[in-house]
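Written below as structure tokens is the structure these notes are about.
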Amino acid sequence: FYLTPSQVNSILKANEYSFKVPEFDGKNVSSVLGFDSNQLPANAPIEDRRSAATCLQTRGMLLGVFDGHAGCACAQAVSERLFYYIAVSLLPHETLLEIENAVESGRALLPILQWHKHPNDYFSKEASKLYFNSLRTYWQELIDLNSGETTDVREALINAFKRLDNDISLEAQVGDPNSFLNYLVLRVAFSGATACVAHVDGVDLHIANTGDSRAMLGVQEEDGSWSAVNLSYDHNAQNEHEVERVKMEHPKSEEKSLVKQDRLLGLLMPFRAFGDVKFKWSIELQKRVVESGPDQLNDNEYTKFIPPNYHTPPYLTAEPEVIHHKLRPQDKFLVLATDGLWETMHRQDVARIVGEYLTGVHHQQPIAVGGYKVTLGQMHGLLTERRARISSVFEDQNAATHLIRHAVGNNEFGTVDHERLSKMLSLPEELARMYRDDITIIVVQFNSHVIGAY
Amino acid sequence: AVRMFLRLLSDIQWRAAHPKWRRMTGSQRSTSTTAEPHPVSLPAQAQVVICGGGIMGTSVAYHLSKMGLKDIVLLEQGRLAAGTTRFCAGIVSTARPVSIELKMAHYSNKLYQQLEQETGVQTGYMKTGSISLAQTQDRLISLKRIASSLNVMGIPCEIISPKKVLQLHPLINIHDLVGAMYVPEDALVSSANVSLALATAASQNGVQIHERTCVSHVTIQKGRVTGVETDRGRIQCEFFVNCAGQWAYELGHSGEEPVHIPLHACEHFYLLTHPLKEPLSSSLPTIVDPDGRIYIRNWQGGILSGGFEKNPKPLFTEGRNQLEIQNLQEDWDHFGPLLDALLRRMPGLEALQIMQLVNCPESFTPDMRCIMGESPTARGYFVLAGMNSAGISYGGGAGKFLAEWIVNGYPSENVWPLDLKRFGTLQSSRTFLRHRVMEVMPLMCDLKVPRWDFQTGRQLRTSPLYDRLDAQGARWMEKHGFERVKYFVPPGNDLLDLDHSKTFYKPDWFDIVGSEVKCCKEAVCVIDMSSFTKFEISSTGDQALESLQYLFSNDLDVPVGHVVHTGMLNEKGGYENDCSIARLSKRSFFMISPTDQQVHCWAWLKNRLPDDSNLVMEDVTWKYTALNLIGPRAVDVLSELSYAPMTVEHFPSLFCKEMSVGYANGIRVMSITHTGEPGFVLYIPIEYALHVYNEVMNMGQKYGIRNAGYYALRSLRIEKFFAFWGQDLDAFTTPMECGREFQVKLDKGMQFLGQEALWEQKQNGVYKRFTMFILEDHDTDMDLWPWWGEPIFRNGRYVGKTTSSAYSYTLERHVCLGFVHHFDEKTGEELVVTTDFINQGEYEIDIAGQRFQAKAKLYPFSSLFTQRRRKDEVELSGYQRE
């Protein structure tokens, strides 16, 4: 059976979200025009998460995609918490003091973040108190540390990533008297998540990446065509530098067992991640926590299982690689996406599809007959297909949705094939994961006028 | 590929066969692009210099030399026939909706047919015939209308069934057709070769042709052309002809005194294919599928097919000049919809191999009609350009008319619809042209329904009351850039949207206009008529009166405060303009004429008034807002507002007085209404317009006043048998032929223009007579409505065409106005038309092939109308303009 085009659309558009940076006095003074995001599940429930927020006490906007594994708990926690850690890391000393004083005296807190969330993007109510306390401890330490130096974005990002991972680990070790919370913090720590986060402030774009999600810049060349610039490196077995790093961090005796079948210790695809304490804690710590933990944890074979050749933990880190890029007028958009997208599409195609979608101009190579033998019928077929491609642009109001449509529905000619799209979307839950991964995409559109004026 | 294609389209052998021409120009046909030496230098002077060596320039040169002019130079910046002419599809089609265009195409066809014999140059002329397809009933109606007018011109033409189409052209898919029109004598030519043949003949008749000579500008002194500056020196000349095609606009603007030629180029695409397996016969008829927006002709055993897409691509807006049109980019994606239409029409062509997609820019004009004639500002500066992609069809005829114009001072037919002077500077904005041609080009294939209004380039000139009227439901049309009200849609009364209101039948505004007409008859209506052209002519002494007495046929030496309706006639007694003139004082006159006369009338008078600094003419069109108060209660409204008695005893008909209305003083009130109904026109200085309008509407309330539009006015004037200039009257119509002898004072004691011709007509009778027809068996609800241009039959024989028509809400019948001729039954010679001839015939009007009985009348009804008028009020029959 086939899904009708409108059924296909309702599936594709179920999670789409768009945000436009509000204008002041008819002008958008931000370097970001807005963003489109969307996700298409393959797992049930989906293990990807996404976040977007504007920093209220400092300038800048934060956007991130998080790809969870071994469950969605870690990705969910990171998507809720990471931006607070980053925002706090960026705050000047006085603001931190002000916030701490407000909490101390029970006054209303200055809001730190303004979230831009799809209704399906939820926050855990139960854990908020716990999470808040950890965050408060972090800023109290920052206040005590008061370096007096201005906050460097790169440092802040790295510190925030590491600190959050540390807190996740600590919370799991300490446990919580509330059994629900206790189980939650353990699930967060024993599952894992990659993170790819962008911080945009004026022309300064920072990408902090941990794992194998990817950030890509869409650049419009002078001739109007589109090209892609990578702003992150995948942390996986395909990245020689990563393999090198992991090997450097462990004794030579482990060299052979460190990376097997392109996986860390033969198990884990990403070489950096949040959570995943099974790759971080010592065997003793793992055993102690699991044994003292709730029964559900003990019943789980996965948590009890110790990776083979586990000699010198930690094998895994959440420390991100940070890339700084000064935005130029030709940098039109940024795509953050989990590996579900990059497995199916080449970045060059992503740049072209999004670029053409955003500019509304379908920059197709003009057809020239030249010396070729082309019949009227062949030309007719070719033109019809090109027009169909354009009409699929107008179907979507969201660049991320448009990209997903291509990622799932593209045929060998690079055009969306409805039949294929329908098949891929109507796969039964248990089969879906075999044909595709969760896909999460954020497309940030830049304001070339503002960028050009810097 | 371009080179090969050029060779294919045009036979380059022709020049070798004509060494004489070759010697004269001294330039070899060569593919090299470097400039070649010009062994023959330019003459220092010539009588006529023609710029442009395309079909238009060569046709003008051909006809001028045929008419005996010897001293002619034709300049071409590149090579002959290398522009649009070379690339155009070469279809000669007579199926044109506008009668003058049809005549030009008919003449062109006859000319091209014998051109090869005359010149020895192969023109590729092939009489293939053409078939215009109809996918809808409405389209078939429009084809039937064209068929009617072709038939009465003696051009064979028939409406055929889809089955017959298949017999004539076996490749056509006919399943979606409702019918078609077959014109068997339409032809194909190689357009470049036709142009070269005309050049050859012209050259043999003494025309000097210089290629690779670029006109930089035209010099004008004291409003006359004096010469041409080129990159090879100056030529003094008496006449200059701008045939520069899509560069005509730029050329017009290159001199110190600009000549505005409103046209703009659009890309035009057509497809060439390799031959079919079984090559198509070269005699296969050309197919025009307007609903699919395409044409298809046979070409070298394959096909040539192009069309007029919905989303045209205008180009050269910034005015770039190019020597020859280089091969512009092929744009297959743009051509896609036309290719769809082609394969739908001829599915068997799928396997046919493509040779090339040709991009050939064409120039288009703001009203889809070509541009010819003399510049209003520079005497001797003539233009022929803007062919709206029908250059080959018009080429011969247009060249002939323009040559006559130069030699005789006027062409042999009424070409006002094509006259350059229908435009002014206001149509010359590049933005306006760019937007308008994007609407015009798709219109080539759109259904031409009555009362079409352009949607682009609007709201340029407006009355100060525009917003007020718009807020009250006004629906607008445009004339000469001025917005005018058609009718007012009452609140809560929704009309059909634009697309659905296109009809050949009863329109959706029928009842709305009916109630406006009723109000004009029974109470009072106000119509904003500010668009009229208004001049003031005054002098220190008697110069104004003396000059006007010579230029106008009626007697203008009337007491101050009187209004005179009069024609502005040419030497042949024909109407150049029809106007109302008020004598404001002994020495000054106020002249009102139709909206589109602004340029023509100004030029006509300027060229004929004595060059005397004591005689001043001023265009005051923009200074006054005109409100027309029509109806029996207009008297009451105006007298209450002015505290002055306005009854006939105090303010007789055809009277003009400055008075106060409300608080505003200095309002020029005239007792004319342009409809034959009682009432007044108020000429209000614009700053008082809103005040006076408000006062009139407030005071009018108790008399049942309402707004009305031009459609109501039109119905009123046509049922009163009032002719109006530009529609019924033209330069080939005299007052004697339209029952206006009373507006001619042959014995006014001094000579006037056209007097002799009128004397002769008075003595010998007229050859056509303006007649009113009341349709007898026409069902207003069910039958097609007449429009204009419908053939008139007397006792079964064709005698003329209608010029306008309207539904008369008083007679509850359709009224058509038109001219009746008397053609000798045997020889076809035109005979004198007498009153008896008119009265003794049985008449029929042909609407799209269906004939309706009509009653002919030479005088308007009088008893039918409730309001009795005094005898002198017959003079109210002014002119009417739409």
So, taking the atom named [atom1] in [X] and the one named [atom2] in [Y], what distance separates them when rounded to the nearest 0.5 Å?
X        : Y        : atom1 : atom2 : answer
A:Leu383 : B:His334 : CG    : NE2   : 12.5 Å
B:Asp340 : A:His380 : CG    : NE2   : 3.5 Å
B:Leu339 : A:Thr384 : CG    : OG1   : 8.0 Å

Review point. So, do A:Val374 and B:Gln353 sit near enough that their side-chain heavy atoms are less than 4.5 Å apart?
Key: no
Practice item. Check whether any side-chain heavy atom of B:Leu352 lies under 4.5 Å from a side-chain heavy atom of A:Thr375, and answer yes or no. Key: no
**Study point:** Heavy atoms of other groups near A:Glu221 CD, more than 12 under 6.0 Å
**Key:**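 It does: A:Glu221 CD has more than 12 such atoms within range.
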Review point. Using non-hydrogen atoms only, which part of B:Leu343 is less than 4.5 Å away from chain A: side chain, backbone, both, or neither?
Key: side chain
